[in-house]
Amino acid sequence: MLLTFIVRRVLWTVPFLIAVSLVSFALIQAPPGDYLTSFAATLAASGDEVDQGRLEALRQRYGLDQPFLVQYWRWISGVLQGDFGISFEWQQPVSNLIWERMGLSVCLALGTLLFTWAVAFPVGIFSAVRKYSIGDYIATTFGFIGLATPNFLIALVLMYIGVVYFGADVSGLFSEEYQNAAWSWGKLLDLLAHLWIPVIILGTSSSASLIRIMRANLLDELHKPYVVTARAKGLSEFTLLMRYPVRLALNPFVSTIGWAFPQLISGAVITAFVLSLPTAGPLLLQALLAQDMYLAGAFILLLCSLTVIGMLVSDILLALIDPRVRYQ
Amino acid sequence: MSIAVTDPREHRSAEQASQWKLMWWAFRRHRLARWSLYLVVALYAVGAFAEFFAPFDPDAANARAVFHPPQEIHFIDTAPDGSWSIRPWVQGQRLVRDRFTLEQSFVPDPDRRIYLRFFGRAEPVKLAGLVTIERRLLTAAEPGERFYLFGADRLGRDMLSRVIHGARISLSIGLVGVAMSLVLGLLLGGISGYYGGTVDMAIQRVIEFILSLPTIPIWLGLTAALPQDWSPLTRYFAITIILSLVTWTELARVVRGRFLALRSEDFVTAARLDGCSQARIIWRHMLPSLASHVIASITLAIPLMILAETSLSFLGLGLQPPTISWGVLLKEAQNIRSIAQAPWLFIPGGAVCLAVLALNFLGDGLRDAADPYAQDGR
Amino acid sequence: MPDTMQAAWSPGEAEAAPVVLEVQELAVDFPSRRGVFRAVDGVDLVLRAGRTLAVVGESGSGKSVTARAILQILDQPGRIAAGRVLLHRHHTTKGAAASGGAEEVVELSAMPARSAAIRAIRGRDIAMIFQEPMSSLSPVHTIGAQIIEAIRLHDRLGKRAARERAIDLLRQVEIPRPETAVDRYTFEFSGGMRQRAMIAMALACNPSVLIADEPTTALDVTTQAEILDLIRRLQASHGMAVMLITHDMGVVAEMADEVAVMRHGQVVERGGILDVFERPQHDYTRMLLGAVRALDRPSPRRLAMRATKPPGAPILRLDALRKVFPSARRMFRPAAPPVVAVDDVTLDLHAGETLGIVGESGSGKTTLGRCVMGLFQGLGGRIEYVGRDGSRIDLLGMRESALRPLRREIRMVFQDPFASLNPRMTVEQIVGEPMLVNGTHRGAALQRRVAELLDMVGLPDSAMERYPHAFSGGQRQRIGIARAIALEPRVIVADEPTSALDVSLRSQVLDLLLDLQERLGLSFLFISHDIGVIRYFCDRVAVMYRGKVVEIGETEAVCTAPQHAYTRALLSAVPHPDPRHRGMTGRHRYTEGA
C-alpha cells in the first residue's frame with residue numbers, strides 16, 4: 001500500500017516538473033525581443049565589437065528563429081545534460097555560476113526549516129495546552145507580528161541595530177578571509193557561525209504561522225473522543241498528550257515541507273538581497289534586472305523544481321506517519 | 001444548532017435576526033477585530049483622501065531639508081512670562097556644518113517655534129482627482145513654513161506626506177488585486193465545485209501546480225519582463241494582475257470547498273425539488289452562504305497582496321518612482337548607510353506592519369464570525 | 001446512607017450481590033462567564049458485581065457527565081462540586097486478592113484528576129466504552145497498539161506477551177482472524193467491529209466495573225443486538241458490574257437489572273427493572289414508557305382511516321429500478337468495483353396508502369427515495385407515475401426541466417430538520433419558495449397561503465418572519481412538512497422524518513402526517529430504520545437488504561410472521577420495551593446465502 005502510494009506520487013511529479021520547466025522557459029522568453037538582441041545591445045553598450053558571425057552561430061545553436069516548442073526542446077535537452085545556456089552578462093556558461101549558490105540556498109532553507117520546527121513545535125503545543133495563559137498571549141502576539149512584518153524589514157532592522165549599536169556587520173555568509181577560499185572545515189564552521197542570522201530572519205514568519213496552525217490543530221484534537229478514551233485507560237496527561245493529540249496534530253508539521261519550503265525559498269530571495277548573501281536570490285535578481293534570461297531561467301527552474309521535490313517529500317512523509325493518507 | 005447570544009436584548013430579536021446581523025453580533029464580541037476594523041477604515045480613508053491629510057505635496061523637494069529629522073508635535077504653548085495656551089507647534093531646526101568634517105546636521109533651534117493650524121488654508125489641490133479643496137488637515141500657521149513630523153528623505157521631501165500618499169497606492173493595490181483574484185477564484189472555484197468531475201480534477205491540478213511554485217521568483221521573473229516604458233498606471237495594473245495570478249488559487253480553494261459542501265446540503269436539494277432553476281439555486285441559496293466565507297478570505301488575502309507589492313517595489317521590480325507606494329519608499333532604506341543616518345526612513349515599514357496586522361486581525365475576526373450557524377461542540 | 005437508599009430498592013436477588021461502586025449525592029458544576037451550570041445534581045447510584053445498572057434519560061439529562069465524573073475525566077471546565085464516589089475494592093476480584101478480604105474503600109472523588117492514584121484505577125478497576133466507535137479510537141494507531149498500551153499500562157507484561165493477550169482479547173470479542181486484525185487500523189473496520197475492538201480494549205485488565213456510555217447508539221439494530229449480547233456474555237464470564245447509559249427503553253428492558261431514570265441532572269426514579277417498567281412512579285418515566293409503547297403497535301387513527309377509505313389504485317410504480325454508483329476513477333490506481341445501491345426494486349405505491357421502506361444503513365433505502373425524486377442520473381428500469389388524469393408517465397430519463405411539473409406532485413420531507421432548511425431565509429421565504437418559483441401565488445396571496453400552511457402544521461403566524469434557528473427540531477420538521485405540502489402534492493417521499501427527534505416528539509409528527517394524509521389525500525413513501533415507527537405509521541412495508549427488496553407485504557403480517565430470513569433476523573434484533581420478553585425472540589444473525 002505504502003509502496004504503491006509512493007510510486008504513484010513519484011509518477012505525479014513528472015508532469016509537474018515538465019510544467020515547471022515550461023513556465024521557466026516561458027519566463028526566459030517573456031522580455032520583449034529575443035535574447036540575442038539584448039546580448040548585442042549589451043555588447044554594443046559596453047563598446048565591444050559586435051561579431052555578426054558569432055551571433056549567427058548562437059542563433060543557430062538555440063534555434064532562435066524556430067517556434068517556441070522547438071526552442072524549449074533545445075533548451076531542456078541541454079538542461080538535462082547540465083547545459084543551462086550562456087550568461088551574457090558574465091560571459092560564461094550558466095552552469096558555472098549556479099551550483100554553489102544553489103547549494104547555499106538549499107542549506108539556508110533547510111536550516112530555516114529546522115529552526116522553524118524547533119521553535120514552533122514546543123511553542124505551539126504550549127499555547128494550545130495552556131490556552132489563554134500569558135505565555136499563549138505572548139506566543140500569539142509574536143505570531144501576529146511575525147506574520148505582519150516582511151522578512152526584509154526584519155533584516156534591515158537587525159542590520160541597523162547591528163551597525164548602530166554593536167558596530168558589527170551582520171550581512172554575508174562568510175568572513176572576509178573565507179569569501180573566495182576553497183571549501184574546508186574552517187570555511188564550514190565560518191558558514192555556520194554566520195548562518196544563524198538569516199535563519200532567524202527567514203524563520204520568523206514561517207514559525208509564526210506554524211505556531212498558529214499547530215495551536216489551532218491541537219486545540220481541535222484535544223477535545224476529540226479518542227483523547228477521552230486514552231484518558232479513561234489511565235495514561236498520564238503528558239504521555240497522553242504526546243502519543244495522541246500531538247501525534248495527530250503533527251501532520252501540518254510534515255506538510256510544512258510542502259508549503260513552507262516554497263515560501264522559504266521565495267522569501268530568501270529578498271532577504272538574501274538585503275543581507276547580500278552569496279545565495280541564489282541576489283544573483284537571480286541581478287540577472288532579472290539585467291535581463292540575463294538564461295541565468296535567471298536556470299535559477300527559476302531549479303528553485304521551482306526544489307519546491308516540487310519538497311512537496312513530494314512532504315507527501316511521502318505524511319503517508320508514513322498517517323495511515324489514512326495511504327488508503328485514500 | 002445554537003446561536004451564542006449573551007445579551008438578553010439580543011435573544012429576543014435573535015429569532016428574527018438575519019445572517020448579517022448574527023455575524024455582526026458574533027464579530028462585535030471579538031474586541032481586537034472590532035478595533036482593527038476601525039483602524040482599517042481609518043487607513044483606507046487616509047489613503048482615499050490623501051490630498052487632504054497630507055500637509056504638503058509629496059514630490060516637493062527641498063534642498064535645505066535633506067534628511068531633516070522628525071519633529072515632535074507639542075500642544076501646549078508656554079510664553080516666556082509663564083502663561084500658556086493650547087496651540088500646536090513644533091520646534092524649529094537649524095542646519096549647522098561641523099567645523100572640521102564639514103558634515104551638515106540639524107540641531108533644534110530653541111528660539112523658533114513653528115505654529116500649526118488644523119484645517120488651515122493651503123494651495124488648492126484636486127481631492128482624488130475629483131473636487132478641488134483649499135484646506136488641509138494640518139498646515140503651518142505661517143504660509144510657506146515647513147514642518148516634518150516624520151522627517152524628510154534624501155531630497156528633503158516630507159515623509160509624512162509621502163507615507164500618506166503611499167497608503168493610497170499600497171492599500172488600493174491590495175483591493176484591486178484581491179478583486180481580480182476574486183473574479184478568477186469565484187469563477188474557477190465555482191465551476192470546479194459546482195460541476196465536479198473532470199473539470200474539477202483539471203482545475204485542482206492547476207491550483208496544486210501554482211501553489212507549488214515559489215511565488216517571489218515567479219513574480220520577479222514576470223515583473224522583470226514588463227516593458228520599462230509603460231506608464232505608471234499601466235504598470236500598476238500589470239503588477240496587480242501578476243500578483244493576483246498567484247493569489248486566486250487560495251480563494252478558488254475556499255470557494256470550491258464551500259461549493260462542494262453546499263452542493264450536498266439538504267437545503268440545496270430541497271431548493272432543487274422546489275423547482276428552482278440552476279441560476280436561482282446558485283444565487284438565492286448557495287451564494288449567500290458563501291459570501292461571508294469569501295469576505296473573510298479576501299480580507300486575509302489583502303495583506304498578502306500588500307506585502308507582495310512592498311517586496312517587489314523594494315527590490316525595484318514593482319512600482320517605479322515617481323509612483324509613491326510604501327514599497328517604493330522603503331527602497332530608499334535599502335542601504336545601511338542611509339538608514340544609519342536617517343532611521344525615520346523605516347516609517348513606511350511601520351505603516352506596512354500596522355496595515356497588515358490590522359487586516360489580519362480583522363480577517364481572523366470575520367472568519368470566526370463567518371458562520372453563525374455552525375454547530376456547537378467543535 | 002446505604003440503609004435509606006436500600007429502602008427504595010426492590011427486594012430480591014439484587015441484594016445478594018456485593019456493592020462494587022457507589023455514587024453518593026454527586027453534583028457536577030460547569031462554571032462559565034454567565035454563572036455556574038449544575039449538570040448533575042445530587043445523584044445516588046449503586047453498582048453491584050455481576051449486575052447491570054441502566055441509567056436512562058434523554059439528551060442533556062446529565063447521564064454521561066455522571067459516568068465521566070466517576071473516573072474524573074470530565075471535560076473542562078467541569079468539576080465535582082459535592083458528593084462522593086466510592087470504590088469497594090475488597091469486593092472486586094483484584095482487590096480481594098490484594099487485601100486478603102480486608103475492607104478497603106477507595107474514595108475516587110477525593111483524588112486529584114491528574115494523580116497517579118486515580119490513573120491506576122482508570123482502565124484497571126473501572127473501564128469505559130463510548131458511543132462513537134470511530135472517533136473514540138485513534139485513527140493513526142493500530143488496534144493492537146491501542147490495546148497493548150492499555151495492557152502494559154497496568155500489568156507488567158513483555159511486549160510479546162501483551163500482544164498475545166491483545167490477540168486473545170480480540171478473539172474473545174469475536175473479531176475474525178484476530179492475528180491479522182491486531183495490526184489493522186480502525187478505519188479498516190465496520191462500526192460494529194470497531195465497537196468490539198473498543199470493548200476488547202476496555203477488558204484489557206479485567207476491570208470489575210464497565211461503564212458503557214451509549215455503546216450501541218451509533219450502530220444498526222442487528223449490530224446493536226450482537227454488541228449487547230457480547231457485553232452480557234462477557235459480564236457473565238468476568239463477573240463485572242456494568243453501568244449502561246442509554247436513551248433507549250428497549251435496550252434498558254433487554255439489559256438492565258436495575259434502572260435509574262435521569263432528568264435535568266437528577267435521578268427521578270430508580271428501582272428494579274420490573275418495578276420501573278410495570279409500576280412506574282414518576283410522570284416522566286411514565287411518559288417515556290408511554291411514548292415507546294405507543295410506537296410498538298399500529299396507530300388506531302390510521303386503522304380507522306383505512307376502514308372508511310381503503311387505498312386506491314397504484315399511483316407510483318417502480319419496475320426493476322436499478323442504481324449503480326460507478327467507482328471513482330483516478331490516475332495510476334486500480335478502479336474499485338462499482339456499488340449497486342438499488343438492485344432491481346419493483347414495488348407499487350397505492351393512492352392514499354403509506355408504504356414503508358425499512359432497512360439498515362447501506363441497504364439503499366435513502367438512495368431509493370432519491371431515485372424516485374429524480375435526483376440521480378443513470379438509472380435502470382422504470383418509475384411510472386400515474387397522473388391526475390390517469391396518464392402514465394415514465395420519470396426515468398426525463399430532463400430536469402421536464403421533471404419540474406412532476407416535482408409539484410411528488411414532494412419530499414428530509415431526515416435532518418437542521419440541514420434541510422436554509423438558515424439564511426425566513427420561514428415565510430422557505431415555505432413560500434416552491435409557490436414563488438412555480439408561480440402559483442405571489443404577493444399578499446402568497447403570504448396568506450404561507451400562514452394557512454403554517455396553521456395546518458400547527459405553527460403560529462408569528463413564525464413567518466423568524467429564521468429557522470429560532471425553532472426546535474420538532475418545529476423545524478413541521479416547517480419542512482409545510483414546504484412539502486405547499487404545492488398540493490399527491491405523493492410525499494419521507495426520508496426518516498422522525499429519526500432526528502426525541503422519542504416523545506416522534507408520535508406527534510407522525511400523527512400530524514396522518515392528519516394531513518386524511519385532509520389532502522396524500523400517499524406516503526416512508527423510509528425508516530425503526531420498526532416501531534413503521535408499525536405505527538405504515539400500511540405496507542418493504543424490507544430492503546443490500547439494495548434488494550427481500551420482502552414486501554402488510555405491515556402487521558410482516559412484523560408478526562416474517563417470511564424472509566433477513567426480516568426475521570432484523571425483527572429479532574429489535575429490543576422490546578418489556579423486560580419480560582427479554583431474549584424471547586431468539587436472536588440470530590443473518591448471513592447471505594445461509
Side-chain angles (χ1 to χ4, degrees), chain A residues 12 15-16 19-20 23-24 26-32 144-145 147-153 156-157 159-160 162-164 169 171 205 220 223 258-259 261-270 273-274 280-281 284-285 287-291 293 296-297 299-300 303-304 306-308 310-311, chain B residues 32 205-206 208-229 246 300 303-304 306-308 310-312 314-317 326-327 330 333-341 343 345-346 348-350 352-361 364 377-378:
Chain A
W12 258 121
F16 267 52
V20 155
V23 167
S24 311
L27 283 178
I28 295 180
Q29 295 280 310
F144 269 114
I145 292 175
L147 278 183
T149 321
N151 282 337
F152 69 84
L153 205 63
L156 277 176
V157 171
M159 272 168 68
Y160 173 75
V163 169
V164 173
D169 185 10
S171 60
S205 73
D220 271 357
H223 300 284
W259 62 259
F261 207 66
Q263 279 185 14
L264 286 178
I265 295 219
S266 257
V269 171
I270 303 180
F273 167 72
V274 173
L284 166 65
L285 198 66
L288 284 170
L289 287 170
Q291 306 234 320
M293 294 321 280
F299 273 127
I300 290 177
L303 291 176
C304 293
L306 261 186
T307 63
V308 171
M311 295 277 243
Chain B
L32 198 53
R205 292 294 92 75
V206 171
E208 256 172 53
F209 173 67
I210 293 180
L211 283 178
S212 78
L213 295 176
T215 46
I216 288 176
I218 299 288
W219 279 335
L220 291 179
L222 285 172
T223 44
L226 294 179
Q228 295 292 327
D229 50 0
V246 173
L300 288 169
L304 292 179
I306 294 176
L307 284 178
T310 309
S311 301
L312 287 183
F314 173 76
L315 290 178
L317 282 166
W326 289 338
L330 275 174
Q334 217 177 51
N335 67 65
I336 192 72
R337 289 253 320 278
S338 46
I339 51 175
Q341 195 185 351
L345 292 179
F346 275 134
V352 172
C353 290
L354 191 69
V356 169
L357 257 183
L359 281 161
N360 265 319
F361 283 133
D364 258 25
R378 194 170 56 93

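So that the names make sense, note that chain A is the first sequence line, chain B the second, and so on, each numbered from 1. Keep in mind the model is a prediction, meaning the values are calculated, not measured.
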Heavy-atom distance under 4.5 Å to chain A: side chain of B:Leu357, backbone, both or neither?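 Both parts, backbone and side chain.
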Relative to chain A, which segment of B:Phe346 carries a heavy atom at a distance below 4.5 Å: side chain, backbone, both, or neither?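 Just the side chain, heavy atoms under 4.5 Å.
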Against chain B, label [X] side chain, backbone, both or neither, depending on which of its atoms sit under 4.5 Å from a heavy atom there.
| X | answer |
| --- | --- |
| A:Val269 | side chain |
| A:Leu285 | side chain |
| A:Val157 | both |
| A:Leu156 | both |
| A:Phe273 | side chain |
| A:Ala296 | neither |

Count the heavy-atom pairs under 4.5 Å between each of A:Val20, A:Ile145, A:Thr149 and chain B, then report the option with the highest count.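 It is A:Val20.
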What are the two closest heavy atoms between [X] and [Y], and how far apart are they?
| X | Y | result |
| --- | --- | --- |
| B:Pro303 | B:Asn360 | CG-OD1, 4.0 Å |
| B:Arg205 | A:Trp12 | CD-CH2, 3.5 Å |
| B:Cys353 | A:Pro150 | SG-CD, 4.4 Å |

Which one wins on heavy-atom pair count under 4.5 Å against chain A: B:Ile218, B:Leu312, B:Val352?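 So the answer, after comparing B:Ile218, B:Leu312, B:Val352, is B:Ile218.
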Please rank B:Leu354, B:Leu315, B:Leu222 by heavy-atom pairs under 4.5 Å with chain A and give me the top one.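 Top count of heavy-atom pairs under 4.5 Å with chain A: B:Leu315.
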Under 4.5 Å between any side-chain heavy atoms of A:Val308 and B:Phe209, yes or no?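 Side-chain contact under 4.5 Å: no.
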Side-chain touch A:Leu153/B:Thr310, heavy atoms, less than 4.5 angstrom: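 No, their side chains stay 4.5 Å or more apart.
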Should the ring pair B:Phe314 and A:Phe152 be called parallel, tilted or perpendicular, given that the plane angle runs from 0 to 90° and is split at 30 and 60?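 Answer is parallel, since the angle falls under 30°.
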Could you tell me the separation between the CD1 atom of A:Ile300 and the CG atom of B:Leu220, rounded to the nearest 0.5 Å?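 Taking CD1 in A:Ile300 and CG in B:Leu220, the distance rounds to 7.5 Å.
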